[in-house]
Amino acid sequence: MTETTDRGSIRAVVGRPEELLDRAGRAAEPAEFVVTPERLHRRNLKRRLAERATPRSSLWLTDATAIASRLLDAADEPSETIDRIDRLKHLESLLERDTETNERLRAAVGSDLPAHAETIAAAQDRVGEMTGWENDRLNALSTVAEGLPSVAARDTADLLAGVRALEQGLAERVGAVHSRETLLPAAADTLRDDPALWSETFPTAERLSVAGVSAVDAPLLSLLDAATAAGVDVTLSLRPGTGPSIVDRLPDRAPNGVGLSTDGRDPSVGPDLEATELVADTPEAEARLAAGVVAAHLRNGVSPSDLLVVARDAAEYERPLRRAMGRQGVNVAVWAQLPVERTIPYRQFAATCAVLAADELGVERLLEPLEFHWVPPAIDDTAAWPLSTADIGELRAALTADSEAQRSLGGWADRLTAVVDDGEIDRGRARPLRTFLDWADEQPGTPEPAAIHDTFEPLVEAGREFALPAVFADDSSDLARTSRYARALSRIEELLTDTRAKYREWLDAGDVPRSWLAVADLAERVVTTRPGRREHANAAAVDVIDATDAWLREAPHVVGVGLVDGVWPRRVESVFPEALRQAVVAGDSAAARRLAVPGRWTAAREADHLASGLGAATETLCCTRYRRDREGTARERSPLLAGVSTRQVDEPAAQSLLTAGTLPDALAADGGGAR
């Protein structure tokens, strides 16, 4: 970066993310930071550069918090934020107080405030996005609220008063910098005070690009504005749906106005290709049509890596698509967040913690770990593990003289000895439960943090060595259960580390007792606030992804599923009144135009997803939808398809696809199919 005090520039490019690729090159140190909202976006960017054989050492792919943290660290200013688990803990504590602002929150969300902590935290996030907790923007938000109809104005005022008080309470408890929404503005203020800090911290970085975003919130804009004041050139690579509105509002939102140049103001949201539209009666029938298209392409010799299935939310379509693809012999990799709390390895972990924590327990709780594939760390008889449902049923029948009996672990050991001596179950059948009881007896009753790994890490390894092969042996050809089980085991290993760190921290602060129940509670908080890994890449499988994750990706053949009103686009959900959301999105007043528009509040974000998902197609494009949901309610065609050139396939052609594997003519012309 040259020595200059000249202000940098802000340039907006709408709907042309490929121009990022042209700026990549070879360099000793990165000259341009590229900030993206999703890790998968960074993966897509790396993939496209690799396909071009273009070096990328001139780019540093990162996120805004990493840049802000390094600036604050260089200035010797606080940069440590708290994670969502700690934030919710503090919020729950603050919400238990008897204060005027909490009383106002009760009027808006309900009387049991700690039970609504997640909802209140979401409201706090939206205010942070709109204002960055800067006083002038907060006042502007209050002004917008005052202009709403009476009920909406009162509800909004109550919410704002409550979350502002909570934000102040967090700052008093934790420090002024405690979240992304406070970290970025703090770094911006520090950089404005000392513009030379940028070149001292990042000597070679002359440019900063923000790419793949559907919103430029107030904290991010503060950081970008401070970077331009330090001489950095900023490029906003915006999406076609939300980009024009962001460009239009940006001059009113910048702290001191902004000199903004724009490129590509009016791109089309719709894809370049004409889409073939297939319509089914139900979601399951729709999945069969999508699977039929994919299978026909594959039979014609198309590589799985040249096929892509996109949905507004891939997780919602995972089950019907896996079932339909399985019938066609197609393997799929669904790139959705793993619901760790619903996997067998996690349920085994939680059930084992419950056994270790209990003074007395019934037979059902005692046997739960075994039902969830508990395998001992050291195994003598490998054939016995994991226990079958029949084996566990035999143990339950032998032990249950009184179905309501509650015993200690020692009491159950005595009971097991008695039923063996009485001949109600033979010694060999009883041995696995004896192994479990002996193991449980050896574990500490009041665990230190290190005990989390000492106790559970050997169980994870045993599960990988013995339970995973058992799952594989019973799996279908697509190996979906095996993949999910393996991913869950990997996630449990991460969970042990995350839970151990949080447990140590909360023990030191006196916030939890030293117990296995506390460990289980913390683990549950971790898995429900930190999503699991996405699917791993598999060249032999067809990818099914969220449409937004297709940003900057290309595939010859794309199938978009779920083009149904209410599914794509999805209905907006927010604790804030609709009148406020509409006022902020419309920006019809000077006060509203000062505010950032939360991406979740605008239908244009749904159009961004459509542009990324359907726009990934380079040869053929197919869109599917259904007419009735599972309850039989009629569902309308997605309004987003109004901007897409489509040709609907008639019923005979759709049936031919299902029965004979024949692709509709519009798809077969380029993609081929069964003849």
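Keep in mind that this is a model prediction, so the values were computed, not measured.
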Considering only NZ, NE, NH1 and NH2 on the basic side and carboxylate oxygens on the acidic side, decide whether Arg253 and Asp217 come within less than 4.0 Å. no
Salt-bridge criterion met for Arg593 and Asp588 (N-O under 4.0 Å): no
Hey, does the side chain of Arg70 reach the backbone of Phe202 with a donor-acceptor pair shorter than 3.5 angstrom? no
Please determine whether a side-chain nitrogen of the Lys or Arg among Asp225 and Arg192 lies less than 4.0 Å from a carboxylate oxygen of the Asp or Glu. yes
Flag the pair Val558 / Cys622 as yes when at least one side-chain heavy-atom distance between them is below 4.5 Å, and no otherwise. no
Indicate whether any N or O donor in one side chain lies under 3.5 Å from an N or O acceptor in the other, for Thr242 and Ser245. no
Between Asp63 (side chain) and Pro37 (backbone), is there a donor-acceptor pair under 3.5 Å? no
Counting only N and O atoms by type, is there a donor-acceptor contact under 3.5 Å from the side chain of Ser58 to the main-chain atoms of Gly25? yes
Results of salt bridge (charged side-chain N to carboxylate O under 4.0 Å, His left out) for Arg23 - residues two or more places apart only: Glu19, Glu32
Closest non-hydrogen atom pair, Ala547 against Val310: CA-CB, 4.2 Å
Heavy atoms of other groups near Glu573 CD, more than 12 under 6.0 Å: no
Could you give the distance from CG (Leu552) to CG (Leu21), rounded to the nearest 0.5 Å? 5.0 Å
What distance separates Asp189 CG from Leu191 CG, expressed to the nearest 0.5 Å? 9.5 Å
For Gly8, is there any backbone N or O sitting under 3.5 Å from a side-chain donor or acceptor partner on Asp233? no
Would you say Glu200 has more than 12 foreign heavy atoms packed within less than 6.0 Å of its CD? yes
Verdict with supporting geometry, Thr620 and His557, side chain to side chain donor-acceptor pair (under 3.5 Å): CA-CA 5 Å; Thr620 69; His557 311 287; 2.8 Å; yes
Give every residue pair that meets the salt bridge (charged side-chain N to carboxylate O under 4.0 Å, His left out) criterion with at least one member in residues 304-314, sequence neighbours excluded. Arg312-Glu606, Asp313-Arg570
Interatomic distance, Leu614 atom CG to Leu563 atom CG [nearest 0.5 angstrom]: 6.0 Å
Taking salt bridge (charged side-chain N to carboxylate O under 4.0 Å, His left out) as the cut-off, I'd like each qualifying pair that reaches into residues 551-569, sequence neighbours left out, listed once. Arg48-Glu554, Asp543-Arg553, Asp565-Arg571
Distance-minimising heavy-atom pair for Val177 and Ala186: CG2-CB, 3.7 Å
Does Glu277 pair with Arg647 as a salt bridge, N-O distance under 4.0 Å? no
For the pair Arg126 (side chain) and Ala121 (backbone), establish whether a donor and an acceptor sit closer than 3.5 Å, ignoring hydrogens and angles. no
Between Glu619 and His297, does the side chain to side chain donor-acceptor pair (under 3.5 Å) criterion hold? Intermediate values first, please. CA-CA 12 Å; Glu619 293 183 20; His297 279 308; over 6 Å; no
Paired with Leu321, the side-chain contact (heavy atoms from CB on, under 4.5 Å) test is passed by just one of Val334, Val542, Val309, Val332, namely Val309
Looking at Asn135, is its backbone amide N or carbonyl O close enough to the side chain of Asn139 to form a donor-acceptor pair, meaning the two atoms are under 3.5 Å apart? yes
Look at atom CD of Glu578 and say whether more than 12 heavy atoms of other residues, nucleotides or ligands are closer to it than 6.0 Å. no
What's the spacing between Glu167 CD and Trp133 CH2 if we round to 0.5 Å? 4.5 Å
Any donor-acceptor pair under 3.5 Å linking the side-chain atoms of Arg42 with those of Thr36? yes
Taking CG in Asp22 as the centre, count heavy atoms belonging to other residues, nucleotides or ligands within less than 6.0 Å. Is the count above 12? yes
